[in-house]
Structures are given as C-alpha cells and as structure tokens.
Amino acid sequence: MKVLVINCGSSSLKYQLIDSESEKALAVGLCERIGIDGRLNHTPAGGEKVVINETMDTHETAIKLVLEALTDNNHGVIKSLDEIGAVGHRVVHGGEKFASSTVITDEVIKGIEECNDLAPLHNPANLIGINACKSLMPNVPMVAVFDTAFHQTMPAKAYLYGIPYEYYEKYKIRRYGFHGTSHSYVATRAIDMVGLDKDNSKIVVCHLGNGASVTAVLNGKSVDTSMGLTPLEGLIMGTRSGSIDPAIIEFIANKENKSIEEVMNILNKKSGVLGLSGVSSDFRDLENAATGGNERAKLATEVFAYRVARYIGSYVAAMNGVDAIAFTAGLGENDKNIRASVSSYLGFLGITIDYEKNNIRGKESIVSTEDSKVKVCVIPTNEELAIARETVALI
Ligand code: ADP
C-alpha cells in the first residue's frame, strides 16, 4: 500500500509518500511559506529536486499542490490519487486521551481539538492538515500518530510534578513527553541490533536534534522522558533552555522589566546553546567556532553533553540498569564528538567507545567496543516510516 505521511506545521508541511511493502519513500517534499507566498520542494526517489513556486494561501491549497506533484507526468510517482491507500498524520499532542495511534473519525478530531490547550502552536496546525486532506480525499482512511502517545506508559511517579495535585486534576498539568514516534522506533531498532529480548530490555534513547530529549525505555515501554508538559523541559537544546530553576523566570522579568510572555520567548528561542555561546544554535557552527578558539562555543557544547550524561545516569537509576544507549536525530546521528563526550561520563557503567567505529555519520551501527558492558548504538530515526507502519497496522 502507498501511504502519504503528512507533518503539518503552522506555515509549513512536510510529506513523504511511502510504499509500505518495500518501506521506501517514493517521494519526499516540503511546502514552505504557506499563507505568505508559497514554495514546494518535491523530490521523487532517485530524481532531481523540483522547486514549484506557487501561491499557497491555505494548507488546503498546499496539499492540492502536493497531490498534483505526486501525480505529475514529469516528476510524479503515481498515476492517480486512487493509488494512495491511506494518510498518516503526525499530531504533536494527544494529552491523556490518546495513548496510541488512532484512525481519524469526527470524534477523534474533536479529541485532538480538546488537546489544543496543551500545544497551542502545533495541534491547530496538525488539525488544519487533517481537515484539508479530509476534504480533498474524503474516501481515503486517515490515521493520527501522536508524539506523546509512546510516553503514556509512564507511571504517575514519573509524570507528576511537585505542585498542588488539583492542577493535575483541573488542567492535566503533568509530564507528557515528545518525540515519542522517534523514541519508540529507535528503541525497537536498538533491541534488534543488540539482540535483546524486548520483555527484558533496558534502553536509554537520546534524540539529539534541534529539539532534544532522552527517554528511559524499559521492556519496550517508555517509563520516563526529559520533556514535560511542553517541549521546553529537560535537555539544553538549540535555542531552548531546558530545565531551569523556575524562579529564574520572575527574576529575569523583574531585572529586565519584561512580561512572562517575553521571558518565555527568551527561554524558547534565545537560550540553549545559542544563548550560551552567542554564536549559533547549530552544533556545526559551534564546533567550527570552538576550533577557532571561541571559549563560549566550547563551553556551550560541554554544558549540553554534561546535561545529556546526567539524564542518562538518572534513567539508569530509574530502570535499575541499562543494556544499550542509542543516539539519534541530527546531532546524535552525525556528531561523533558529542557521542564521545557524553559517553566519557559513563565509564562507571562499563561503557567504552570504539573511536574508529564511532567515526561514522547517519548509519546504523554499534559504536562501543566488543567488551563494553553496555552497548552504544547510532540509529538514524525515521519518524515518517514509523508513522506509515502505524497507519498500515491500523487500517
Ligand atoms: P530538528 O528536526 O529538531 O530540527 P535535527 O534532528 O535536524 O533537528 O538536528 C539538527 C541538529 O543536528 C543541528 O544542531 C545540527 O548542527 C546537527 N547536525 C546535523 N548534521 C550534522 C553533522 N553532519 N555534524 C554535526 N552536527 C550535525
């Protein structure tokens, strides 16, 4: 079956058409600047990227253009839309309502709307994508795959915050966690690669991209994760602060005469390694700057790696052990220095990195030595494939 996977943001839309039998992407693409002007980058498998500049005033227009590109005589990959058997939608927040992926019905759409409060930037955009596909392909079954669903197995001791319980009851303030599709995909691959029995396995997955999170996966289930009610908690990220003393918010607001919204904007967009280094949120820039002698760039990278190592240590405690640590996403897959630097804190677990094996990029591989007690894996994430698999499984 051919599955169209849609990841809809507020002004962008990423898509892949995946053949579920071969598990290969037939085409990948990105619509940008929706509602501003509009640009569609479409790449058929094995072909050249095509850039289509056409006005996209709404997401529906964008999806219409995507469907045209997929069926185009020159750069299309299917003859007619009838070949699309299902659509899988990435949805950011499923709250406590959705503990797994689900076939989209009117009731499910209402349920996703009810979670808008928890992800006001993301869920409404995801819904726009769902509604646009529904009106353009009314007879094609659709599935919602939630970023939060994998973490719904966390026990209360991991998801509750130390604040009045009534806020959990009234507003559902708790840890939800994100990147769930990636953590689940990577943990499953790690279990296979290392040859573990899923029901007797302890994996820590480090999803280190621009947004970054660490998850403890015990017997294939998420039992703790570093992101919280929102994706701001946990690791230091590209531009996000990660966990800080909550009192800092009031402190900055008073000192700098700023509103809470302004301080939150700083914590989301101007902090992390960008804020620390004053150079960039991109680790490639940081490494270049550090090589050129920029001390703050070097420091930002150190602070980042130290925090990752601390989370890993705490999750080893949460699971009372660990069999494998898996690195994924832009940085985890590509940056050997970060992997080595994080692993250097973990010698007490019997971890040793094989520096030659670690000298790889974007390839599934075990990078620890043969006799390392805990295996260290590099596993490129593939959220789109995971969404396609879930979609096929459900319909
Ligand atoms: P997101 O999907 O959260 O936007 P990504 O998973 O694409 O983020 O990760 C982006 C990060 O990965 C950036 O900090 C970037 O520097 C880093 N990255 C990507 N490629 C490389 C590379 N070849 N070497 C080092 N870091 C890389």
Side-chain angles (χ1 to χ4, degrees), residues 5-16 28-30 32 41 90 92 119 121-122 125-126 145 147-148 177-186 189 205-215 225-227 230-242 268-292 294 296-305 307-308 326-343 358-365 367 378-387:
V5 175
I6 300 271
N7 180 355
C8 197
S10 57
S11 71
S12 72
L13 183 155
K14 288 188 210 153
Y15 65 92
Q16 283 196 14
V28 305
L30 167 68
E32 292 173 294
N41 295 314
R90 176 189 182 207
V92 166
L121 294 179
H122 295 99
N126 301 152
V145 180
D147 267 21
T148 49
F178 298 87
H179 296 138
T181 314
S182 174
H183 285 295
S184 158
Y185 174 87
V186 171
R189 286 300 307 136
V205 180
C206 307
H207 177 111
L208 309 179
N210 229 332
S213 65
V214 184
T215 295
T225 191
S226 60
M227 282 181 170
T230 75
L232 184 56
E233 193 183 349
L235 298 180
I236 287 161
M237 309 182 210
T239 64
R240 290 178 221 153
S241 64
N268 271 300
K269 304 217 169 114
K270 299 193 172 149
S271 300
V273 291
L274 167 69
L276 276 169
S277 67
V279 173
S280 172
S281 62
D282 191 304
F283 277 78
R284 286 166 290 199
D285 299 338
L286 293 180
E287 276 165 28
N288 285 338
T291 311
N294 185 314
R296 264 172 57 195
K298 186 162 166 261
L299 183 64
T301 312
E302 281 170 11
V303 177
F304 175 87
R307 176 80 58 98
V308 176
F327 287 96
T328 193
L331 201 54
E333 292 167 23
N334 294 303
D335 194 329
K336 62 176 195 243
N337 297 330
I338 287 289
R339 291 191 299 258
S341 168
V342 171
S343 303
N358 188 39
N359 192 11
I360 48 132
R361 256 189 203 167
K363 212 173 85 196
E364 267 193 10
S365 181
V367 299
V378 174
I379 302 177
T381 193
N382 193 337
E383 287 166 288
E384 288 77 15
L385 176 59
I387 292 174

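Worth knowing before you read on, the calculation uses all heavy atoms, side chains too, and leaves out hydrogens, waters and symmetry mates. Ligands are counted one by one from 1 in listed order, and the atoms in each one are counted from 1 as well.
Residues L208 and F304 are in side-chain contact: their nearest non-hydrogen atoms beyond the backbone lie under 4.5 Å apart.
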Residue pair F178, T148: steps toward the side-chain contact (heavy atoms from CB on, under 4.5 Å) verdict: CA-CA 5 Å; F178 298 87; T148 49; 3.8 Å; yes
Mind running side-chain contact (heavy atoms from CB on, under 4.5 Å) on R339 and V378 for me, showing each step along the way? CA-CA 9 Å; R339 291 191 299 258; V378 174; 3.5 Å; yes
Please determine whether side chain to side chain donor-acceptor pair (under 3.5 Å) holds for the pair H183 and S213, giving the CA-CA distance in whole Å, both sets of side-chain angles, and the decisive distance to 0.1 Å. CA-CA 9 Å; H183 285 295; S213 65; 2.8 Å; yes
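Protein neighbours of ligand 1 below 4.0 Å, counting non-hydrogen atoms: G209, N210, G211, S281, D282, F283, R284, A329, G330, L331, N334, D335, R361.
Taking E287 as the reference, D335, N337, I338 meet the side chain to side chain contact (heavy atoms under 4.5 Å, CB included) condition, with sequence neighbours excluded.
N126 contributes a side-chain N or O that, together with a main-chain N or O of V92, makes up a donor-acceptor pair within less than 3.5 Å.
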